[in-house]
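Proteins get letters first, then strands, A, B, ... in listed order; numbering begins at 1 in each. Below, all heavy atoms of this structure are taken into account, side chains as well, without hydrogens, waters or symmetry copies.
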Amino acid sequence: MKESLLKRIWFFYYDGFRSMTLGKTLWLIVIIKLFIMFFILKLFFFKNELGVYNTNEEKSRHVIQELTK
Amino acid sequence: MLLASLVDLSRLQFALTAMFHWIFVPLTIGLGFIIAIMETYYVRTGNEFWKRTTKFWMKIFAVNFAIGVATGIILEFQFGTNWSNYSWFVGDIFGAPLAIEGILAFFMETTFFAIMFFGWNKVSKKAHLLSTWLVAFGTALSALWILVANAWMQYPIGMEFNPDTARNEMVDFWAVATSPVALNKFIHTITNAYVLGSVVVIGISSWYLLQKREEEFSRRSIKIAAIFGLISLVVLIWSGDGSGYQVSQKQPMKLAAMEGLYRSSNGTPLVAFGILNPKKNVSAMVDDSIGYELEKPYIFNISIPQGLSLLANRKFDSFVPGIEDILKGGYTYTDVNGEQQVALSVEEKIVRGKSAIAALALYNKAKEAGDDEGKEIARKQLMDNFEHFGYGFIKNPQDIVPNVPLTFYAFRVMVILGGYFILLFLLTIFMERKSLIGKSRWFQYMAITSVPLVYICSQAGWIVAEVGRQPWTIQNLLPVQASVSGVSSSSVLVTIILFFVLFSVLLIAELAILFKVIKKGPGA
């Protein structure tokens, strides 16, 4: 019964994706956009400025220094 | 100077991304509800016409959703990179609402979106309809949590500042989630999205009528959109009044900028239409040689007597402070606890802010030295002055005045276009009842032209909200110059250019696909 439900869910999505027409173009756009966002923008242009600090204490100290300088 | 350019570029980058994101979000929210209404007709009547109609608008919804989805994530990238001090200072306040939004969006999108698009012949009619409604409510709920986070920045409550970590810690989730600013903002924003969705449906349907195509489809779509749009607009105006009241109580400088109000008295009028005098500005106030005192704030204005006093305080003869009044202080106001207070001058607030910042430094020095008594003294000094913490970063009192012309004109664009949409919806309902919609080309052109206007109106609303609260990222607690990271201006400039290119390509792609789908029509 459990397997049958999982199968039904699988085929629901599988058939849905296979029968898409306009959806295929839209998915392509979504994938390209996500690739640009996460693998180009995030990786090369948007590093977390506080990421260089390993602990929360170090991050706190840095921000306190920034705010009180 | 370098910092000023970094702050301005970081603001420009954030504004560009937020405004682009907001092109897509309102149509998703607005169209979702209209689609659900149309599908309800289908399930209740069993008429295949409504299924075809619903499916067409779902296509428009899908294109808009696909192009717009995840554009908001770029804003989160920017928090970490360009606004790291701010992100840290905000603490866990954003964490809870944004986590709820993320989880909600994920489950909704993987489950109910899938049923909505893939499930037409696979689940029962009622299960499909339920999914469509859940998507409609889900998109609105998803927006709720973002707006709660935004409202907290405009009116920070329900938190306590921790001087050990320099973070704000949430102590009352419900105070954050149900703050009057958040509730008004949510209703105002959601109804704005419903109005936008309605105008888009009327505009696209009118294009078919102009082409003499899909007459029944267009007329019925227009009827639903006009009624839904009008009801939404009534709620929008009511919540706008509520938002105006909240702004007057929590962000008086924003209200003064919205009105171009420099010096006030009891029974303040509301400017219905006006042209600002460019010579009247706060820089001129500092430099007396320009003759600031002689300059009137408006070249021309039509005002509603005592209107602003009524909006701001619910009393016709009440006092609404202008920009100069806020800078100089000394007037009496009722605080959020309902107690009468005398307003401090901004200079005094700056002194108190500096005291709070100094206390934060002393606290941490005492902590490092193991001086418990010193820590307690510093903590008390910090907490006594914390409500003015952000003023400690302000160099000149005039720096807390936002861009008055931009806020003033954006507010008027929003209100005037809002008035225009009331007329549009009423006219649409009247013309539809008289069966004139299919024959009146002028109406069809008017409806099509209204589509860009509703986007301008929606963006103008956000300009009022966000430009009007400058220089604060968190009202009174953190200004933009203390919020930015130490990144280089040139790298921010590069990303602005990259975003501009990416956003332009995405927008062109959306428009190209949308036009193609519209051209094919619901019969395709």
Please check if the side chain of B/T81 supplies one atom and the backbone of A/K47 the other of a donor-acceptor pair under 3.5 Å. yes
Does A/K33 use its side chain to pair, donor to acceptor, with the backbone of B/I67 at less than 3.5 Å? yes
Is chain A contacted by the side chain of [X], its backbone, both, or neither, given a heavy-atom distance below 4.5 Å?
X      : answer
B/I357 : both
B/V494 : side chain
B/E510 : neither

Please find the pair of heavy atoms, one from [X] and one from [Y], that lie closest to each other, and give the distance.
X      : Y      : result
A/S60  : B/W88  : OG-CZ2, 3.2 Å
A/Y13  : B/A114 : CE2-CB, 3.4 Å
B/G119 : A/F12  : CA-CE1, 3.7 Å
A/I64  : B/D164 : CD1-O, 3.9 Å

Quick check on A/F44 against chain B: is it the side chain, the backbone, both or neither that has a heavy atom closer than 4.5 Å? neither
Under 4.5 Å heavy-atom distance to chain B, tell me which part of A/I36 shows up: side chain, backbone, both or neither. side chain
Hey, mind stepping through B/F117 and A/M20 against side chain to side chain contact (heavy atoms under 4.5 Å, CB included) and telling me if it holds? CA-CA 9 Å; B/F117 287 105; A/M20 283 190 311; over 6 Å; no
Stepwise side chain to side chain contact (heavy atoms under 4.5 Å, CB included) test for A/V63 and B/R167: CA-CA 9 Å; A/V63 174; B/R167 304 194 89 181; over 6 Å; no
Evaluate the side-chain proximity of [Y] to [X]: yes if any heavy-atom separation is below 4.5 Å, no if none is.
X     : Y      : answer
A/E49 : B/W83  : no
A/N56 : B/T165 : no
A/D15 : B/K122 : yes

Once you round to the nearest 0.5 Å, how far does [atom1] of [X] lie from [atom2] of [Y]?
X     : Y     : atom1 : atom2 : result
B/S84 : A/K59 : OG    : NZ    : 10.5 Å
B/K59 : A/L26 : NZ    : CG    : 10.5 Å
A/L41 : B/I73 : CG    : CD1   : 11.5 Å
A/H62 : B/N85 : NE2   : CG    : 5.5 Å

With a 6.0 Å cut-off (strictly less than), is the heavy-atom count around [atom1] of [X], excluding the residue itself, greater than 12?
X      : atom1 : value
A/K24  : NZ    : yes
A/Y14  : OH    : no
B/E169 : CD    : yes

Ring pair (Phe, Tyr, Trp, His ring centres under 6.0 Å), that's the test. Do A/F46 and B/F499 meet it? Break it down for me. CA-CA 12 Å; A/F46 285 98; B/F499 284 161; 5.6 Å; yes
Test B/L498 against A/I40 for side chain to side chain contact (heavy atoms under 4.5 Å, CB included), laying out the working first. CA-CA 11 Å; B/L498 278 175; A/I40 299 176; 5.8 Å; no
Of the listed residues (B/I115, B/L478, B/V517, B/T71), which shares the most heavy-atom pairs with chain A below a 4.5 Å separation? B/I115
A/I29/B/L506 under side chain to side chain contact (heavy atoms under 4.5 Å, CB included): CA gap, chis, key distance, verdict: CA-CA 8 Å; A/I29 291 172; B/L506 282 173; 4.1 Å; yes
Please confirm whether the ring centroid of B/F77 lies under 6.0 Å from the ring centroid of A/F45. no
Heavy-atom pairs under 4.5 Å with chain B are the metric here; pick the option from A/K42, A/E57, A/E66 that has the most. A/K42
